[in-house]
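Heads up, the thing below is written out as structure tokens.
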Amino acid sequence: ALKIWVNRRASPSDLANGVGVLTLHVGFNDWAVEEEQVQLEEEVWAGDVHLMAAQVVVPQGAYEVCFVLSDGDGAFDNNNGFDFVVPVSKKLTVQAEPKRMPRQIAEVESYPLAGGTMNVVKLAPRLGSDRRAQWKEERLLRVWTPPGYNRKKVPKEGLPVVYLNDGKNLFEDHLAHQGVSWRVGEVAMSLIAEKSLPPFMVVGIDAPGAFRSMNYLPYPPGAGDGDFRPEAARWPGGGIDSYMERVVYEIIPTIAEHYGGATGRERLCFGGGSFAGVCAIYTAMKYPDVFGSILAESPSFWSAKAKFLEDMALHDGRWAERIFLAVGTREFSATRDYDRADLDEKLLEYSHEAKRIMEEKGVTSGERLAYLVEE
């Protein structure tokens with residue numbers, strides 16, 4: 001059985017002001033399995049906390065729990081139309097996942113960019129995808145190939161590939177979330193032209209909108225220690241395992257087949273920033289045999305009250321061979337119209353702690369770890 005707690009007072013809907021019955025409408029696997037209604041029982045009621053809970057029996061084959069809340073009088077909370085979705089522990093999953101296959105390409109739009117070619121690759125829906133797949137699964141890849149690229153002349157070991165999360169933020173300012181992209185194409189072109197690196201391609205994986213935190217984090221982010229990120233309090237998390245399995249077993253083979261991308265770890269890099277930076281460090285621990293290099297920009301170590309740092313400290317397995325970790329001294333204030341020096345310091349301390357943990361695990365600075373703090 002699974003126990004679900006709800007803080008009624010935290011709901012942005014009219015449910016927050018109610019005092020009567022609260023009903024949990026529960027389904028499984030995108031509402032495909034055994035929908036039921038369960039009345040929540042009072043647990044704690046004090047000030048801004050009105051905690052209610054219900055036990056839910058998880059059927060065999062369930063891989064996710066979906067639920068919404070209502071009071072029977074017209075007030076409801078369905079997570080702004082996305083419903084609440086919680087992955088079920090693999091220990092409770094008895095139904096094997098279907099064999100993962102390379103994704104099929106529906107169409108490609110190509111145009112010159114930064115001396116190379118940008119290929120915007122639209123993926124066909126995954127085999128067996130449900131109707132909610134558009135919110136959780138990958139639909140667009142942005143494949144930048146270097147000047148002179150010719151699929152027929154790619155070396156037999158494949159062209160080195162840098163895989164990066166948040167594809168829309170990488171190449172062009174007008175597509176980037178905050179109006180300023182990473183300008184990855186220009187940087188890659190410069191490194192290749194200067195012969196600092198051999199020719200390589202970059203694959204940006206577009207994030208799935210509202211489910212970005214679901215894919216990039218091992219658990220919901222919450223509002224952080226001290227609730228300094230209240231807007232994130234209800235954001236989802238916990239889908240990182242499924243996301244990275246899709247990257248490793250579906251996207252990498254797709255790029256290898258259609259663009260000649262390498263598959264050996266010594267020629268593969270994976271990275272991202274913010275939530276996607278946490279995903280990158282997670283990948284350094286989970287897939288050291290797949291990716292030899294990791295790029296993590298300003299990882300959101302604050303998420304889940306820094307629980308990921310605890311996971312890093314507990315990790316007793318291997319790490320990726322090379323890790324680049326970068327952080328700023330104004331991680332919070334630089335993205336706001338006001339300053340919070342205390343939060344800037346706290347976020348910097350989280351990154352310092354991550355560096356310390358990795359060094360303790362044998363990922364030593366100057367050899368396997370590059371750590372950059374920017375003013």
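The analysis underlying the following values was restricted to heavy atoms, covering all of them including side chains, and did not include hydrogens, waters or symmetry mates. Nothing fancy with the numbering, it's 1 onward along the sequence. In this text the structure is predicted, and so the values were computed from the model without any measurement.
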Can you list the residues that meet the salt bridge (Lys or Arg N to Asp or Glu O under 4.0 Å) rule with [X], with sequence neighbours excluded?
{"X": "Lys361", "value": "none"}
{"X": "Asp337", "value": "none"}
{"X": "Glu250", "value": "Arg100, Arg126"}

[X]-[Y] side chain donor-acceptor pair, cut-off 3.5 Å:
{"X": "Ser274", "Y": "Ser300", "result": "yes"}
{"X": "Arg103", "Y": "Thr254", "result": "no"}
{"X": "Ser181", "Y": "Asp173", "result": "yes"}
{"X": "Glu245", "Y": "Ser242", "result": "no"}
{"X": "Tyr149", "Y": "Asn119", "result": "no"}
{"X": "Glu359", "Y": "Ser365", "result": "yes"}

Taking all heavy atoms of [X] and all of [Y], pick out the closest pair and write down the distance.
{"X": "Phe324", "Y": "Leu295", "result": "CD2-CD1, 3.2 Å"}
{"X": "Pro288", "Y": "Arg265", "result": "O-CD, 3.4 Å"}
{"X": "Pro146", "Y": "Pro199", "result": "CG-CB, 4.2 Å"}
{"X": "Arg340", "Y": "Ser333", "result": "N-OG, 2.8 Å"}
{"X": "Ala280", "Y": "Gly271", "result": "CB-CA, 4.0 Å"}

| Is the centre of the Phe301 ring less than 6.0 Å from the centre of the Tyr350 ring? |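 Ring-ring flag for Phe301/Tyr350: false, centres at least 6.0 Å apart.
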Salt bridge between [X] and [Y], side-chain N to carboxylate O under 4.0 Å?
{"X": "Lys346", "Y": "Asp342", "result": "no"}
{"X": "Arg246", "Y": "Glu137", "result": "no"}
{"X": "Glu374", "Y": "Arg330", "result": "no"}

| Taking the inter-plane angle between the rings of Phe275 and Trp302 on a 0 to 90° scale, is it parallel (under 30°), tilted (30 to 60°) or perpendicular (over 60°)? |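 Judged by the thresholds at 30° and 60°, the geometry between Phe275 and Trp302 is tilted.
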| request: Please work out which of the three classes, parallel, tilted or perpendicular, describes the rings of Tyr249 and Tyr287, given edges at 30° and 60°. | output: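 Judged by the thresholds at 30° and 60°, the geometry between Tyr287 and Tyr249 is perpendicular.
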Any [X] side-chain heavy atom under 4.5 Å of [Y] side chain:
{"X": "Leu69", "Y": "Thr23", "answer": "no"}
{"X": "Met244", "Y": "Val247", "answer": "yes"}
{"X": "Tyr243", "Y": "Glu138", "answer": "yes"}
{"X": "Leu175", "Y": "Arg142", "answer": "yes"}
{"X": "Ile4", "Y": "Val56", "answer": "yes"}
{"X": "Leu2", "Y": "Val65", "answer": "yes"}
{"X": "Gln39", "Y": "Val21", "answer": "yes"}
{"X": "Val278", "Y": "Pro218", "answer": "yes"}

Counting neighbours of [atom1] on [X] that are heavy atoms of other residues, nucleotides or ligands and sit closer than 6.0 Å, is the number greater than 12?
{"X": "Asp289", "atom1": "CG", "answer": "yes"}
{"X": "Gln178", "atom1": "CD", "answer": "no"}
{"X": "Arg229", "atom1": "CZ", "answer": "yes"}

| request: Output, in order, the C-alpha distance, side-chain angles, deciding distance and verdict of salt bridge (charged side-chain N to carboxylate O under 4.0 Å, His left out) for Asp206 and Arg139. | output: CA-CA 7 Å; Asp206 273 23; Arg139 303 187 300 278; over 6 Å; no
Roughly how far, to the nearest 0.5 Å, is the [atom2] atom of [Y] from the [atom1] atom of [X]?
{"X": "Tyr282", "Y": "Phe270", "atom1": "OH", "atom2": "CZ", "result": "10.5 Å"}
{"X": "Ile323", "Y": "Met358", "atom1": "CD1", "atom2": "CE", "result": "5.0 Å"}
{"X": "Thr263", "Y": "Glu157", "atom1": "OG1", "atom2": "CD", "result": "10.0 Å"}
{"X": "Leu141", "Y": "Ile105", "atom1": "CG", "atom2": "CD1", "result": "7.5 Å"}
{"X": "Asp311", "Y": "Ile281", "atom1": "CG", "atom2": "CD1", "result": "12.5 Å"}
{"X": "Asp83", "Y": "Cys66", "atom1": "CG", "atom2": "SG", "result": "7.0 Å"}

| request: Evaluate side-chain hydrogen bond (donor to acceptor under 3.5 Å, both in side chains) for Ser190 paired with Glu194, printing each intermediate quantity in order. | output: CA-CA 6 Å; Ser190 176; Glu194 294 169 357; 3.2 Å; yes
Following the transitive rule for hydrophobic clusters with a side-chain heavy-atom cut-off under 4.5 Å over Ile, Leu, Val, Met, Phe, Trp and Tyr, establish whether [X] and [Y] coincide in one cluster.
{"X": "Val143", "Y": "Val187", "value": "no"}
{"X": "Leu159", "Y": "Leu197", "value": "no"}
{"X": "Tyr111", "Y": "Leu140", "value": "yes"}
{"X": "Phe171", "Y": "Val108", "value": "no"}

| task | Let me see the working for Ser293 and Arg322 under side-chain hydrogen bond (donor to acceptor under 3.5 Å, both in side chains), right down to the final yes or no. | result | CA-CA 5 Å; Ser293 302; Arg322 295 177 298 277; 2.9 Å; yes
| query | Does His177 reach the main-chain N or O of Val180 with its side chain, forming a donor-acceptor pair under 3.5 Å? | reply |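 No; judged by distance alone, with no hydrogens or angles, the pair does not exist.
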| request: Go through Phe67 and His25 one step at a time and tell me if the side-chain contact (heavy atoms from CB on, under 4.5 Å) criterion holds. | output: CA-CA 5 Å; Phe67 63 91; His25 302 261; 5.9 Å; no
| said: Among Val248, Val202, Ile252, which residue satisfies the side-chain contact (heavy atoms from CB on, under 4.5 Å) criterion with Tyr163? | reply: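 Only one option passes, and that is Ile252.
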